[in-house]
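Take a look at the structure set out below.
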Amino acid sequence: MDIVCLDLEGVLIPEIWIEFSQRTGIAALSLTTRDEPDYDKLMRYRLEMLRHHKLGLVDIQRVIADMPPLPGAREFLDQLRERFQVMILSDTFYEFAHPLMRQLNWPPLFCHRLETDANGGVVDYHLRMPDQKRAAVSAFKALRFKTIAAGDSYNDVTMLEEADAGIFFCPPAKIMAEFPRFPVTRNYDELRTVILAASATLSQG
């Protein structure tokens, strides 16, 4: 059985930081991995903005608690899991993900962790490992799984490159232009069709 590796934000759920930015009115927090390819630079900027505005983990979690998945995401995921093993590979954090995973029927998730102080302020973040999405796909391939990956942002590109088949889902135009070798899908029906076609092609290889 093939493994399908999916990004989380922008593919199955809305972008958490954009939602948080809109709820707080802090435009500076709307930057995501669609805008900044350097993840450490992006996270250091976010942590500084949280400190500056005296916002903590509980403030972010309060917003996440009211967030639904993208329309059709759970149905898409449920159908995909009937045919494939599905792994969610994300650069979000376990401290964010719990209510969202519940709404998606608990798919397996690999992501990172946040560090907070005694007052609930977010003081640091800790990667599972550098470039963990690519590393996870590489490990699945070492276990002799055929891998298909889908994502939308700069931080998904190495995962798509490592997979036996990589697919963009609703990427920004500038990322599409920089990486034209990946097929682009715009909705879940298209993504499902391209995944099934890729699986059929891989099974013949």
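Not a single side-chain hydrogen bond (donor to acceptor under 3.5 Å, both in side chains) links E95 to another residue, sequence neighbours left out. The salt bridge (Lys or Arg N to Asp or Glu O under 4.0 Å) check on D152 picks up R34, with sequence neighbours excluded. Annotation: ring pair (Phe, Tyr, Trp, His ring centres under 6.0 Å) contacts of Y154 (sequence neighbours excluded): none. The ring pair (Phe, Tyr, Trp, His ring centres under 6.0 Å) test applied to F20 returns no partner, not counting sequence neighbours. Partners of E115 by side-chain contact (heavy atoms from CB on, under 4.5 Å), not counting sequence neighbours, listed by chain and number: V123, D124, H126.
Taking a 4.5 Å side-chain heavy-atom cut-off between Ile, Leu, Val, Met, Phe, Trp and Tyr, the cluster of M129 contains only that residue.
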_For a salt bridge (Lys or Arg N to Asp or Glu O under 4.0 Å) check, start with the C-alpha distance between E19 and R23, then their side-chain angles and the critical distance, and finish with the verdict._
CA-CA 6 Å; E19 187 75 14; R23 300 279 190 96; 3.2 Å; yes
*Which is it for L127 and Y39 under the side chain to side chain contact (heavy atoms under 4.5 Å, CB included) test, yes or no, and what are the steps along the way?*
CA-CA 10 Å; L127 297 179; Y39 188 71; 3.9 Å; yes
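Within the 4.5 Å cutoff, no side-chain heavy atoms of I60 are placed close to those of L55. Side-chain contact between M176 and F182 is absent, with no heavy atoms from C-beta onward closer than 4.5 Å. Taking the side chain as every heavy atom from C-beta outward, E15 and L31 never approach each other to under 4.5 Å. D156 has its side chain within reach of S153: a pair of non-hydrogen atoms, C-beta onward, lies under 4.5 Å apart. Contact of the T24 side chain with the H53 side chain is not registered, since no non-hydrogen atoms from C-beta on lie closer than 4.5 Å. Looking at L80 and L6, their side chains come closer than 4.5 Å, going by heavy atoms from C-beta outward.
Note: F96 and F93 have perpendicular aromatic rings, judged against thresholds of 30 and 60 degrees for the angle between ring planes.
Not one N or O on the side chain of D164 forms a donor-acceptor pair closer than 3.5 Å with the backbone of I148. A donor-acceptor pair is defined here as one N or O able to donate and one able to accept, closer than 3.5 Å; such a pair exists between the side chain of S21 and the backbone of I26. Remark: the backbone N or O of F168 is paired with a side-chain donor or acceptor of T185 at under 3.5 angstrom. With H112 contributing its side chain and T92 its backbone, the two residues share no donor-acceptor pair below 3.5 Å.
A salt bridge (Lys or Arg N to Asp or Glu O under 4.0 Å) check over residues 1-13, counting only residues at least two apart or in different chains, returns the pairs D7-K133. Here salt bridge (Lys or Arg N to Asp or Glu O under 4.0 Å) pairs that include residues 76-90, with residues two or more places apart or in two chains, are R74-D78. Within the structure, salt bridge (Lys or Arg N to Asp or Glu O under 4.0 Å) contacts touching residues 168-178 (residues at least two apart or in different chains) do not occur.
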Side-chain polar contacts of residues 98-111 - donor-acceptor pairs under 3.5 angstrom, sequence neighbours left out - could you list them?
residue : atom : partner : partner atom : Å
Q103    : NE2  : M67     : O            : 2.8
Q103    : NE2  : P99     : O            : 3.4

Identify each donor-acceptor pair in which a side-chain atom of residues 188-197 lies under 3.5 Å from a protein atom, sequence neighbours left out, and give them as a table.
residue : atom : partner : partner atom : Å
Y188    : OH   : V11     : O            : 2.6
D189    : OD1  : R192    : NH1          : 3.0
E190    : OE1  : R186    : N            : 2.7
R192    : NE   : Q79     : OE1          : 3.1
R192    : NH2  : Q79     : OE1          : 2.8
T193    : OG1  : D189    : O            : 2.9

Distance-only donor-acceptor hits, side chain of residues 134-145, under 3.5 Å, sequence neighbours excluded:
residue : atom : partner : partner atom : Å
R134    : NE   : D131    : OD2          : 3.1
K141    : NZ   : E162    : O            : 2.7

